[in-house]
Amino acid sequence: MLKTKGIAVTILTGVLGGCATVPREAGFGDVQKSVAERTGHWVQWRGRSADDAAVDQRVLSLLQ
């Protein structure tokens, strides 16, 4: 029983640890390129910049 729990904890730790190392923007470059090629529009990852706040305000005004 104790050996089984130890194996389960080891596997779970490995799985969770592997997920934690994936970069936030993994694969986004491919998506960005595909959208630009298909639509002619440029997309970017949303962050916490002044530009993002301005976009939020513009979207809110359009929705009102």
Side-chain angles (χ1 to χ4, degrees):
M1 176 84 170
L2 185 60
K3 185 176 182 179
T4 305
K5 282 186 177 181
I7 292 171
V9 169
T10 302
I11 291 172
L12 184 59
T13 302
V15 169
L16 293 177
C19 293
T21 60
V22 175
R24 179 179 162 186
E25 295 184 18
F28 185 72
D30 295 334
V31 171
Q32 196 174 41
K33 181 180 175 185
S34 179
V35 169
E37 289 172 352
R38 293 177 183 196
T39 68
H41 295 280
W42 186 253
V43 294
Q44 67 182 33
W45 192 263
R46 189 181 190 306
R48 294 189 172 119
S49 70
D51 291 337
D52 295 322
V55 170
D56 289 345
Q57 288 302 314
R58 178 67 179 137
V59 168
L60 285 174
S61 71
L62 290 170
L63 290 173
Q64 291 176 353

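The figures that follow rest on heavy atoms only: side chains count, while hydrogens, waters and symmetry mates do not.
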Going by atom type alone, with no hydrogens or angles, which donor-acceptor pairs under 3.5 Å involve a side-chain atom of residues 57-64 and a protein atom two or more places apart or on another chain?
from : atom 1 : to  : atom 2 : distance (Å)
S61  : OG     : R58 : O      : 2.8

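Legend: ring-ring contact (aromatic ring centres under 6.0 Å, His included) pairs involving residues 36-64, not counting sequence neighbours, sorted by first then second residue: F28-W45.
Considering only residues two or more places apart in sequence or on other chains, D56 meets the side-chain contact (heavy atoms from CB on, under 4.5 Å) condition with R46. For A50, the side-chain contact (heavy atoms from CB on, under 4.5 Å) criterion is met by no residue, not counting sequence neighbours. Here D52 pairs with S49 under the side chain to side chain donor-acceptor pair (under 3.5 Å) rule; sequence neighbours left out.
Taking all atoms of both residues into account, the shortest heavy-atom contact from Q32 to Q44 is NE2-CA, 3.9 Å.
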